[in-house]
Amino acid sequence: MKREVRFAEIAVVGGGPAGLCAALEAARAGARVVLLDRQDHLGGQLIKQTHRFFGSKSHRASQRGFKIAEALTREVASHPAVEVHTGATVFGFYEDGVLGVEQKGRVFYLKPARVIVATGAAERTLAFPNNDLPGIYGAGAVQTLVNVYGILPGRRVLMVGAGNIGVIVSYQLLQAGMEVAAIVEAAPVIGAYWVHAAKVRRAGVPIYTSHTIKEAYGKREVEGAVIWQLDGDGKPIPGTEKDLAVDTICLSVGLSPLIELLAQAGCRLAYVPELGGHVPLRDENLQTTVPGVYVAGDAAGVEEASAAMMEGALAGLHAAYSLGYGQQDYEARRAAIREQLEALRSGPVGEKIRRGLSKAIIQL
Ligand SMILES: Cc1cc2nc3c(=O)[nH]c(=O)nc-3n(C[C@H](O)[C@H](O)[C@H](O)COP(=O)(O)OP(=O)(O)OC[C@H]3O[C@@H](n4cnc5c(N)ncnc54)[C@H](O)[C@@H]3O)c2cc1C
């Protein structure tokens, strides 16, 4: 069957903070952009984040995530060079550079001169007995239920994972009226920013480090969970079990970059644990090993929204520049974005990311 293929200058796949900033930057440089997101709205993860962000003013610090999403969405929607498609899932990236898109029951094909993949990341899960009982969720899913749809998943929750997401979602569940029985963390230290961990501790929630979930139990749905302690080698210590009566278990055990489209496109991938798993190799401008294909945001390595926005801007700027747009301001703008990215990744907090990037960034 003959496919009808539409041409485009730049296609951005994913309308989270990375994709929104990529589209805006490329459009401001003068390029025409098609922005595609499978959700019915733009903003990605940001739309469910009710807490204030960290960082400096240029990174929109102290604004709440959903407010940042609203502002970026307004800017994109009002830019004449950006064509927005929501409810549009990119399901294939073919060898001839064509993207297959399904939108509300209709399929169309796009052949962009440049593609920026900003598809974000997926939640990981954990293997333990009865982990398929109703009442067990990923933390991101719970955050969507509570903050977007106003639905509480239960009354009393065990949170597994004390990284930023586990601790922030625990606090938001407390605010929404749930009881948090405990947070367990397999590592010997809390991974979350201290300011968030201190807030949940002040609310009386115990955080058990070097602990994990042993099993969930319940006849038709979760009725409780057993947790136990881990030794220095990460092995469970029999006899340390604690039984918690909960009706909800929330897993916050990390994210993996969504790189399927990049793999289909033939981009070279590498396993970089510091960035969350398999990521595409790319140069300093986020261009992958397939010329004209860029990556940005959590798909390039799980980090934070502030870094995702800057990476999106850098990829958008370079994609436009490579098509002949924004030649005059390019160097100055590129230097400014790179400076902001470096500031975000400086100091001990950025150490892990810097280590990961040293393995993922190559000279093309
Ligand atoms: C609870 C929580 C708290 C956080 N707090 C902070 C914080 O305080 N500060 C901070 O900087 N960061 C924070 N983050 C991290 C931040 O949300 C992410 O790093 C950021 O959203 C990543 O942006 P992104 O654009 O790469 O991906 P996403 O925001 O995940 O957006 C990806 C988009 O791509 C779309 N998509 C995916 N696949 C396809 C496809 N095939 N076709 C079409 N569309 C597709 C998705 O629908 C989505 O809209 C937090 C995250 C969570 C979960």
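Just follow the structure's listing: the first ligand is 1, and inside any ligand the first atom is 1.
Taking each heavy atom of Val34 and Arg6 in turn, the nearest pair found is CG2-NH2, 3.9 Å. Heavy-atom minimum distance, Ala182 versus Leu158: O-CD1, 3.5 Å. Of all heavy-atom pairs spanning Gly19 and Leu35, the tightest one is O-CD1, 4.1 Å.
Contact atoms of ligand 1 toward Ala118: 32 (C), 33 (C), 34 (O) (distance under 4.0 Å to a heavy atom of the residue). For ligand 1, the atoms sitting less than 4.0 Å from at least one non-hydrogen atom of Ser306 are 11 (O), numbered in the order shown with element in parentheses. Taking every non-hydrogen atom of Ala18 and a distance limit under 4.0 Å, the qualifying atoms of ligand 1 come out as 25 (O), 26 (O). For ligand 1, the atoms sitting less than 4.0 Å from at least one non-hydrogen atom of Gly44 are 29 (O), 31 (O), 48 (C), 49 (O), numbered in the order shown with element in parentheses. Within ligand 1, the atoms closer than 4.0 Å to a non-hydrogen atom of Thr119 are 32 (C), 34 (O), 37 (C), 38 (N), 39 (C), numbered from 1 in the order shown. Every atom of ligand 1 is numbered from 1 in the order shown, and the set under 4.0 Å from a heavy atom of Gly16 is 25 (O), 29 (O), 31 (O), 33 (C). Atoms of ligand 1 lying under 4.0 Å from at least one heavy atom of Gly120, given by number and element, are 26 (O), 27 (O), 30 (O), 32 (C). Remark: ligand 1 atoms within the under-4.0 Å shell around heavy atoms of Gly14 are 33 (C), 34 (O), 35 (C).
Any N or O atom pair closer than 3.5 Å counts here, and Gln49 shares at least one such pair with ligand 1. Close N/O approach between Arg38 and ligand 1 is found [any backbone or side-chain N/O within under 3.5 Å]. Between Pro17 and ligand 1, a contact under 3.5 Å exists for at least one N or O pair. Residue-to-ligand polar distances place Asp298 within reach of ligand 1: an N/O pair is separated by less than 3.5 Å. In terms of polar-atom proximity, defined here as any N/O pair under 3.5 Å, Val169 makes no such contact with ligand 1. Where the criterion is an N or O separation shorter than 3.5 Å, residue side chain and backbone included, Ala305 meets it with respect to ligand 1.
At a threshold of 4.0 Å, the pair Arg345-Glu311 counts as salt-bridged, since one of the basic side-chain nitrogens sits closer than that to a carboxylate oxygen. The pair Arg354-Glu351 does not meet the salt-bridge criterion, since no charged nitrogen lies less than 4.0 angstrom from a carboxylate oxygen. With respect to the salt-bridge test (charged N to carboxylate O, under 4.0 angstrom), the residues Arg155 and Glu179 do not qualify. One finds a salt bridge joining Lys359 and Glu274 here, because a Lys/Arg side-chain nitrogen approaches an Asp/Glu carboxylate oxygen to under 4.0 Å. A salt bridge does not link Arg38 to Glu102: none of the charged side-chain nitrogens sits closer than 4.0 Å to a carboxylate oxygen.
For atom 8 (O) of ligand 1, the choice among His41, Gln172, His51, Gln45 with the nearest heavy atom turns out to be His51. Counting only non-hydrogen atoms, the option in Asp40, Leu35, Asp37 that gets closest to atom 48 (C) of ligand 1 is Asp37.
Contacts of Ala139 with ligand 1, taken as heavy-atom pairs under 4.0 Å, are absent altogether. Contact annotation: for Lys48 versus ligand 1, there are no heavy atoms closer than 4.0 Å.
Relative to the ring axis of Phe7, Lys111 does not place its NZ or CZ within 45° and under 6.0 Å from the centre. Remark: Lys242 is positioned above the aromatic ring of Tyr208, its terminal NZ or CZ atom under 6.0 angstrom from the ring centre and at most 45 degrees off the axis.
Taking a 4.0 Å cut-off on heavy atoms, Leu258 fails to register as neighbouring ligand 1. Residue contacts with ligand 1 leave out Ala307, since none of its heavy atoms falls under 4.0 Å from the ligand.
Between Tyr193 and His51, the distance from one ring center to the other does not fall under 6.0 angstrom.
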Practice task
For the pair His41 and Ile47, evaluate side chain to side chain contact (heavy atoms under 4.5 Å, CB included) and give the outcome as yes or no after the intermediate values.
Solution key: CA-CA 9 Å; His41 48 74; Ile47 64 147; 3.3 Å; yes
